[in-house]
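Here is the structure we will look at.
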Amino acid sequence: MIDTDPNRLVITRPDDMHLHLRDGEMLKAVAPISARHFARAIIMPNLVPPVVTLGDAVAYRERILRALEGSESPQSFEPMMTLYLTETTDPEDVAKAAASAIVKAVKLYPAGATTNSQSGVQNIDAVSPVLDRMAELGLPLCIHGEVTHDEVDIFDREAVFLETVLDPLRARHPELRIILEHVTTEEGVDYINGAAKNLAGTITTHHLMINRNQMLAGGIRPHYYCLPILKRRSHQEALRKAATSANKRFFLGTDSAPHTASTKETACGCAGCFTAPNTLSCLAHVFEEEGALPNLESFTSLNGADCYGLARNSETITLEKASEPVGYQSHLSVAGSERVAVFDPSVPLYWRVI
Ligand code: NCD
Ligand code: ZN
């Protein structure tokens, strides 16, 4: 809702429906940052080794909660766990996970699609029994929607996935609830809009803010390298329209994915943008540019909860627009020696959470 003051916006406390918190020292450094603004997050399971079983998820959740102990966050933060689907995932373990209330989804990574996806699924038919069970249980499947074949151009991998993998998968499992993660193309937006049921999509902060020109024109910027890769401007525009229209099928999954500067600023850099610290400033900027500030709350705080069948958060946060650009830390220190670059929005930001 908009206050009477046009420079203030009070919204239901947001949820981040796609977040990488990592483990160890990185976890300790980044978890309190998401907890500052977000009430809950869907936690990605692509650790090394991955979070595969209910037991793994319970243990990882404990580590996340421990990492938050003593942090300044005034309110509670709920990590909503996911299981990393493999060809040997046991449907019975998935059923126990669904009943546990700590696991909210199962994540499908095509093998080799992205960071730490080497244990992912090669043969999708091999996971049919698990998907059937999930459909019965109503447990959603989150999908990294890209094919991985060398012969498919990296910019086409999402569109080809929709046609060759997702569409047949949905036909085989019509009752399975699916969330297409980090949609990056107009084809993805159209595909979700055209589905009769059981399909929604998350959109990241960075895909709304920038396109491949910012990554590649005038010099290569490794901190903008992420997967799925940034596409051309017309795709960014389709994502902006989907996100800012209060369309119930689209909601925020930041895909905040911290990597140390040394692993990104190198000859073969890792994929991922660390957007957790300034996501809400970026999103308010995008929604204001699109003339859609009143729809920010649907995208960040309502549509995702509704899609996952969760109660909406009862607390609120307040955003305020300053007359000068808001400053923020450009880097986060991890365990003293390593640094993680915070996402550079490429334009001055005026909104901040107060
Ligand atoms: C993610 C990571 O680093 O874990 N990277 C990314 O570019 N988004 C993996 C992923 O979500 O694809
Ligand atoms: Zn991700």
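Order of appearance sets the numbers: ligands from 1, and atoms from 1 within every ligand. What you see is a predicted model; the values in this text were computed from it and never measured. All values below were derived from every heavy atom in this structure, side-chain atoms included, with hydrogens, water molecules and symmetry-related copies excluded.
- To the nearest 10 degrees, the angle centred on the Zn ion (ligand 2) between NE2 in H20 and NE2 in H18 reads 100°.
- In this pair, Y224 and F343 present their aromatic rings tilted. The plane angle is within the 30 to 60° band.
- In terms of protein heavy-atom proximity, atom 8 (N) of ligand 1 is closest to D255 OD2, 2.7 Å.
- In this structure, the ring of H235 has its center no less than 6.0 angstrom from the ring center of H207.
- With respect to K28 and E25, a salt bridge is recorded, a charged nitrogen being found less than 4.0 Å from a carboxylate O.
- For the Zn ion (ligand 2), the N/O/S atoms of H144 include none lying under 2.8 Å.
- Within ligand 1, counting atoms from 1 as listed, the ones closer than 4.0 Å to a heavy atom of H144 are 12 (O).
- In terms of polar-atom proximity, defined here as any N/O pair under 3.5 Å, H259 does make such a contact with ligand 1.
- For Y84 and Y109, the ring centers are positioned less than 6.0 Å apart.
- At least one donor-acceptor pair under 3.5 Å links the side chain of R177 to the backbone N or O of C307.
- Not one N/O/S atom of H182, from backbone or side chain, sits under 2.8 Å from the Zn ion (ligand 2).
- Here the side chain of H259 pairs no donor or acceptor atom with the backbone of V340 at under 3.5 angstrom.
- Of the listed options I229, L227, T263, L227 places a heavy atom closest to atom 6 (C) of ligand 1.
- Closest N/O/S atom of D255 to the Zn ion (ligand 2): OD1.
- Linking Ile, Leu, Val, Met, Phe, Trp and Tyr residues whenever their side-chain heavy atoms come within less than 4.5 Å places L283 and V189 in a single cluster.
- Proximity of M44 to ligand 1, defined as any heavy-atom pair under 4.0 Å, is not found for any part of the residue.
- By the 4.0 Å heavy-atom criterion, H182 is counted among the residues contacting ligand 1.
- Within the 4.0 Å heavy-atom criterion, the part of R22 lying near ligand 1 is the side chain and not the backbone.
- Looking at atom 5 (N) of ligand 1, its nearest protein heavy atom turns out to be A271 O, 3.1 Å.
- At the top of the distance list for atom 1 (C) of ligand 1, counting protein heavy atoms only, stands H20 NE2, 3.6 Å.
- One finds a salt bridge joining R233 and E237 here, because a Lys/Arg side-chain nitrogen approaches an Asp/Glu carboxylate oxygen to under 4.0 Å.
- Between C226 and ligand 1, not a single N/O pair is under 3.5 Å apart.
- K248 places no side-chain N or O within 3.5 Å of a backbone atom of A246 that could act as its donor or acceptor partner.
- Between R13 and E315 there is a salt bridge, since at least one side-chain N of the basic residue sits less than 4.0 Å from a carboxylate O of the acidic one.
- Scanning all protein heavy atoms for the shortest distance to atom 9 (C) of ligand 1 gives T114 OG1, 3.2 Å.
- When heavy-atom distances to ligand 1 are checked against a 4.0 Å cut-off, N46 comes that close only through its side chain, counted from C-beta outward.
- Near H18, with a cut-off below 4.0 Å to any heavy atom, the atoms of ligand 1 are 11 (O).
- Between R240 and E289 there is a salt bridge, since at least one side-chain N of the basic residue sits less than 4.0 Å from a carboxylate O of the acidic one.
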